[in-house]
Amino acid sequence: MKDLLRTEHLSRADIDLILDTAAQFAENPLRSNTALANKTVAIYMTKPSTRTRLASETAVAHLGGSPIFVRGDDLQLGRGETIADTAKIISGFCSAMIIRTFAQADVDELGAHSTIPIINALTDDDHPTQLLADWLTIRENFGTDISGRKFVYLGDGNNMANSWLIMGAIMGAHVVAATPSGKWAPSTRAIEVATNIAKRSGGKVEVINDPEAAAKDASVLYTDVWMSMGDPESERKEKIAVLAPFAVTEPLMSLTAKDSIFMHCLPAHRGEEVAANVIDGTKSVIWREAFHRRTTIQSLLFHLIKGEIVGFKQ
Ligand code: CP
Ligand code: NVA
């Protein structure tokens, strides 16, 4: 597989390989510090980023390469140059490109027209590199035997909810998304993709509207901001009111398994989707999770550039 455009393109074997190497990069970031020697990686973002940008730039540097950061408006792409033409130019200069933008279709198109690896660093639909960091964190906490465990996402049915369901299905996990129904539910497509993957992986995919039922005996409670980048401000008031019952609070956490953890991709809004005493409490693994953004992106780049990611055709 040339690119990582969508979470569902990863096979279980790819994920295991990426996480194994990422665990080594967590111990020693410079283990493969010549893999990208004399090479450049473009990082193009039309949305803000703290973790993904820093993780990507440090990952490239630790592999011996040079990151080139370009913001949305910097490229002629923002003035109407086509994605296909841009893809050809970037392929001529760089060894890979990491892109964060709005439309998934733009990332897919870039992948189709470039000859270098393209990595999706978040779209409105998907956030595959985040899920790699999440699953390395899950593996560190629970090991590889996840039978009988329940992995729960609560809140807005956004890009993170979609990716959570799909990645969990690939891992053969029992994954749950507890979200409102209607326009703030996970995408129908993501639910369908995850359900199909779960049929062959032995996983179980549930989408429900009851936060207490979801939290009961869960090993992980995961949440994300209620207003994502690009969400219409005009909907804020209504959306926050609808999502209020899905906030991760201490009483909700008390329903979970004894060894449960709290996860969040960050940035967080304490007092909105999560209570301060949960995200800053003893069950929270958010800093380790954020740290793994670098280790996993470094590992992904390392294996993608060597042509070692096989991928899975749906
Ligand atoms: N979790 C995540 O993608 O964070 P940033 O938006 O800061 O990159
Ligand atoms: N759902 C959030 C994730 C941020 C990492 C967003 O898209 O803004």
Side-chain angles (χ1 to χ4, degrees), residues 6-8 15 122-139 141-142 146 149-195 197-198 201 203-228 231 239-240 242-249 252-253 255-257 260-269 272-275 278-279 283-286 289-290 292:
R6 295 169 179 250
T7 302
E8 75 222 44
I15 295 165
L122 183 143
T123 62
D124 291 345
D125 296 349
D126 203 350
H127 196 1
T129 64
Q130 176 67 49
L131 267 294
L132 290 171
D134 295 341
W135 273 86
L136 183 55
T137 313
I138 289 171
R139 206 173 77 167
N141 278 273
F142 302 122
I146 53 164
R149 292 196 176 274
K150 184 165 73 161
F151 300 89
V152 177
Y153 172 96
L154 290 136
D156 186 19
N158 57 16
N159 44 9
M160 278 308 307
N162 296 337
S163 305
W164 181 254
L165 293 176
I166 293 171
M167 185 75 163
I170 301 172
M171 298 307 285
H174 176 192
V175 268
V176 181
T179 71
S181 45
K183 66 178 166 179
W184 293 308
S187 82
T188 314
R189 182 185 178 280
I191 298 170
E192 222 173 85
V193 169
T195 307
I197 294 172
S201 72
K204 182 176 166 191
V205 174
E206 275 187 282
V207 180
I208 60 175
N209 313 124
D210 180 344
E212 275 85 24
K216 190 157 175 5
D217 300 324
S219 291
V220 173
L221 291 193
Y222 195 115
T223 193
D224 182 18
V225 289
W226 287 346
M227 289 296 287
S228 281
D231 278 355
K239 191 172 185 187
I240 287 180
V242 170
L243 283 163
F246 297 88
V248 182
T249 56
L252 204 65
M253 242 7 242
L255 302 174
T256 62
S260 67
I261 55 174
F262 169 78
M263 301 179 74
H264 193 310
C265 56
L266 305 178
H269 291 91
E272 251 178 48
E273 77 275 4
V274 59
V278 171
I279 192 165
K283 283 179 174 282
S284 174
V285 296
I286 54 163
E289 185 184 2
H292 281 320

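Along the sequence shown, the residues carry numbers beginning at 1. A quick note: this is a predicted structure, and the numbers were derived from the prediction, not measured.
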Atom CD1 in Ile261, atom CE in Met253: separation rounded to 0.5 Å?
8.5 Å
Work out which heavy atom in Val176 is nearest to a heavy atom in Leu165; give both atom names and the distance.
C-CD2, 4.2 Å
Kindly write out the residues that satisfy salt bridge (Lys or Arg N to Asp or Glu O under 4.0 Å) with Asp231, not counting sequence neighbours, or none if the list is empty.
Lys239
Report, one line per pair, each donor and acceptor closer than 3.5 Å where one atom sits in a side chain of residues 179-187; sequence neighbours left out.
unit_1 : atom_1 : unit_2 : atom_2 : d
Lys183 : NZ     : Glu235 : OE2    : 3.3
Ser187 : OG     : Ala190 : N      : 2.9

Looking at CH2 of Trp164 and CH2 of Trp135, how far apart are the two atoms once the value is rounded to the nearest 0.5 Å?
6.5 Å
Check: Asp125 main-chain N/O paired with Asn162 side-chain donor or acceptor under 3.5 Å
yes
Could you work out, with salt bridge (Lys or Arg N to Asp or Glu O under 4.0 Å) as the rule, every residue matching Asp124, not counting sequence neighbours?
Lys47
For residues Leu243 and Glu272, determine if any side-chain heavy atom of one lies less than 4.5 Å from a side-chain heavy atom of the other.
no
Of all heavy-atom pairs between Thr7 and Ile166, which one has the smallest distance, and what is that distance?
CG2-CG2, 3.9 Å
Could you tell me whether the side chain of Gln130 reaches within less than 4.5 Å of the side chain of Glu289, counting heavy atoms only?
yes
Judged by atom type as modelled, is there a donor-acceptor pair below 3.5 Å linking the side chain of Trp226 to the main-chain atoms of Ala247?
no
Find out whether Val220 and Arg149 are in side-chain contact, i.e. whether some heavy atom of one side chain is under 4.5 Å from a heavy atom of the other.
no
Working to the nearest 0.5 angstrom, can you tell me the gap between Tyr222 OH and Leu131 CG?
6.5 Å
Determine whether His292 and Arg139 make a side-chain contact, defined as any pair of heavy atoms from C-beta on separated by less than 4.5 Å.
no
Examine distances only and state if a side-chain atom of Thr249 and a backbone atom of Ala275 form a donor-acceptor pair shorter than 3.5 Å.
no
Are the side chain of Ser163 and the backbone N or O of Met160 linked by a donor-acceptor pair below 3.5 Å?
no
Do the side chains of Asp156 and Phe246 get nearer than 4.5 Å, heavy atoms only?
no
When you measure from the side chain of Ser201 to the backbone N and O of Ala169, does any donor-acceptor pair fall under 3.5 Å?
yes
Separation of Cys265 SG from Asn159 CG (nearest 0.5 Å):
7.5 Å
Show the nearest heavy-atom pair for residues Ile146 and Ala173, with the distance to one decimal.
CD1-CB, 3.6 Å
So if I apply the side chain to side chain contact (heavy atoms under 4.5 Å, CB included) rule between Leu266 and each of Asp224, Val225, Ile279, which one comes out positive?
Ile279
What's the spacing between Lys150 NZ and Glu206 CD if we round to 0.5 Å?
7.0 Å
Quick one: does Lys283's side chain have a donor or acceptor within less than 3.5 Å of a partner on Val278's backbone?
no
Supply the atom-to-atom distance His264 NE2 to His269 NE2, rounded to the nearest 0.5 angstrom.
8.5 Å
Within the 4.5 Å heavy-atom criterion, are Met263 and Leu221 side-chain neighbours or not?
no
Can you name the closest pair of heavy atoms from Pro211 and Leu252 and give their distance?
O-CD1, 3.9 Å
